[in-house]
There are 2 protein chains.
Amino acid sequence: MVDTTADSDLLDLRKGRPAAGQDPVKRAQIIEGARRVFIDKGFEAASMNDITREAGVSKGTIYVYFENKEELFEALIEEERGTIFKNMYEVLDHFEDLRKTLVKFGTGLSIKITSAKVIQAQRTVVGAADRIPELGARFYERGPKRGHDKVVSFLNEAIARGLLEIPDVDLGAYQFTELCLAGLFRQCIFSYRTKAPSQAEIEKIVTSGVDVFLKAYGTEKFFAEERASASA
Amino acid sequence: MVDTTADSDLLDLRKGRPAAGQDPVKRAQIIEGARRVFIDKGFEAASMNDITREAGVSKGTIYVYFENKEELFEALIEEERGTIFKNMYEVLDHFEDLRKTLVKFGTGLSIKITSAKVIQAQRTVVGAADRIPELGARFYERGPKRGHDKVVSFLNEAIARGLLEIPDVDLGAYQFTELCLAGLFRQCIFSYRTKAPSQAEIEKIVTSGVDVFLKAYGTEKFFAEERASASA
DNA sequence: AGCAAATCGAACCGAGTGGTTCGAAATATT
DNA sequence: AATATTTCGAACCACTCGGTTCGATTTGCT
């Protein structure tokens, strides 16, 4: 709307002081304040004044960096999504022992998804999803959905190696993920659980989940190999 | 606070006109308006004036029936929970064919949980769970948790009959439920899916989920009986 | 030091907030 | 018809909302 940079839209080569609304440090500062407010109050209850206070930045400045409340919220969620799902799937990149890999991935996933911070963030997104459906969809698409795709291709690799036999790989991937969570997500997001599950509990759940999954989809070859390496 | 019934706190035997704030019809009317507003705006964004308008009841009257906004919201959620989980578990009461019963129950559960109306209601609860954790906890406890307990006792019966072998029945029940949903809940609640899944899709998922579950936990006896009845 | 620009801070806008109050109107019992 | 009481409807309270504006201040470069 307001062209703060005058007629300099051709090229901006200023190296020193960042242009208005372009300083990444200040931007981060604003988002950090927004994070605290949005995540513990939700979209509606959060006020721009709260964020102003929490970020230690004047209201006018915030509006230089972000068009309005909704855009600021979206920027925050986008960032949250990025940090939440970062490094979550790389354990699937190098195919080694099937069972161990599944357990390792499932444990990491389960710990992340049910951690207090992440649950709060997800609640915020869910709460806003009714008013801004695209936001929730984008969050899912670039977060959980991407992970799901990684699981699918991992399972496909296992199938190619003759270790698994899955009629519907896409469905199988969902089943695997859900088995690793086994109710934890719902319990956490409804705040039936007020604390994140312990490492021990998660390990128990994931181990059992992988067990069920492999009993259902593991091939003879897989079990034979496992027996062989166990007696070695 | 305000004693509208004067000094009649000993006994109120008036049979005709209901006492102030006691007419169940008017109460239902208020809650119906509250439902529409709360569920499509969320707790924070909903205003008492919206509800006044939607319910066709004056603001003063609402405050006769409910102490404040939060109490009205809780009353609504309590009712929603009741209608959502009504009649959902009775299919587990009469033990007949194991696989068929599991499929039937899983299908019903999956359809309910992912229906547009119920998803909206759940989103509202989740969104509010950050500010009113007890509300979310109560919702889960008297809804999903009760269903979980029913599943547990059903599985125990199946174990007693020698059809299943489950090391941790509680965990097994969670696994079963999650297998029946297989990602649908998360997709719906994040509004990644904007429409409820089709009957066909749910049946496919549930059938496969039950399959996985039985492959993991079904006993020799169970499979023998199933083969026998199949060739009959 | 001088200068240009980004940030601050506070005021302002109209609208709406939950909650409360109270006389007028509607209602059902007697 | 008279009576008792619930409900209505509108006004009011002090406050906050998101958003905008603008002069004063600070900042960092030349």
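Residue numbering restarts at 1 for every chain, and letters A, B, ... go by the order of the sequence lines. Owing to the predicted nature of the structure, the values given are computational and were not obtained by experimental measurement.
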**Request:** Check the distance between C:dG18's P and B:F73's CZ and give it to me in whole angstrom.
**Result:** 13 Å

**Request:** Round to a whole Å and report the spacing from CZ of B:R53 to P of D:dA10.
**Result:** 13 Å

**Request:** Hey, which sits more toward the 5' end of DNA chain D by its nearest nucleotide, A:A46 or A:G60?
**Result:** A:A46

**Request:** State whether B:S47 places a side-chain N or O below 4.0 Å from either non-bridging phosphate oxygen (OP1 or OP2) of C:dG16.
**Result:** no

**Prompt:** When you check the phosphate oxygens OP1 and OP2 of D:dT7, does a side-chain N or O of B:Y65 lie under 4.0 Å from one of them?
**Reply:** yes

**Prompt:** Is any side-chain N or O of A:S58 closer than 4.0 Å to OP1 or OP2 of C:dT7?
**Reply:** no

**Distance in angstrom units between B:M48 CE and C:dT17 C1', rounded** = 11 Å

**Message:** Once you apply a heavy-atom cut-off of 4.0 Å, does A:A45 come out as touching a base, just sugar-phosphate, or nothing?
**Reply:** nothing

**Request:** Let me know the distance between NZ of B:K59 and P of C:dC22, rounded to the nearest Å.
**Result:** 16 Å

**Asked** Does B:R146 count as lying over the ring of B:F85, i.e. NZ or CZ under 6.0 Å from the six-ring centre, within 45 degrees of the axis?
**Response** no

**Request:** Starting from P on D:dC15, measure out to CG on A:D50 and report it in whole angstrom.
**Result:** 17 Å

**Request:** Could you label the plane-to-plane angle of the B:F105 and B:F176 rings as parallel, tilted or perpendicular, counting under 30° as parallel and over 60° as perpendicular?
**Result:** parallel

**Request:** May I ask you to verify if any side-chain N or O of B:N68 is less than 4.0 angstrom from the OP1 or OP2 atom of C:dG18?
**Result:** no

**Message:** Within 45 degrees of the ring normal and closer than 6.0 Å to the centroid, is that where the cationic atom of B:K69 sits relative to B:F43?
**Reply:** yes

**Message:** Under a plain distance cut-off of 3.5 Å, with no hydrogens placed, do A:S110 and A:T107 share a side-chain donor-acceptor pair?
**Reply:** no

**Message:** Regarding B:K26, tell me which of base, sugar-phosphate or nothing describes its non-hydrogen contacts under 4.0 Å with the strands shown.
**Reply:** sugar-phosphate

**Rounded distance in Å - CD (B:E67) to C1' (C:dT20)** = 12 Å

**Fill in**
Rounded to whole Å, the OH-C1' distance (A:Y63 to C:dG9) equals 15 Å

**Prompt:** Can you check whether B:E67's main-chain N or O pairs, donor with acceptor, with B:E71's side chain at less than 3.5 Å?
**Reply:** yes

**Prompt:** B:K69 has an atom NZ; how far is it from atom P of C:dG19, in whole Å?
**Reply:** 7 Å

**Request:** Verify the contact: side-chain N or O of A:N49 to OP1 or OP2 of D:dC17, cut-off strictly under 4.0 Å; return yes or no.
**Result:** yes

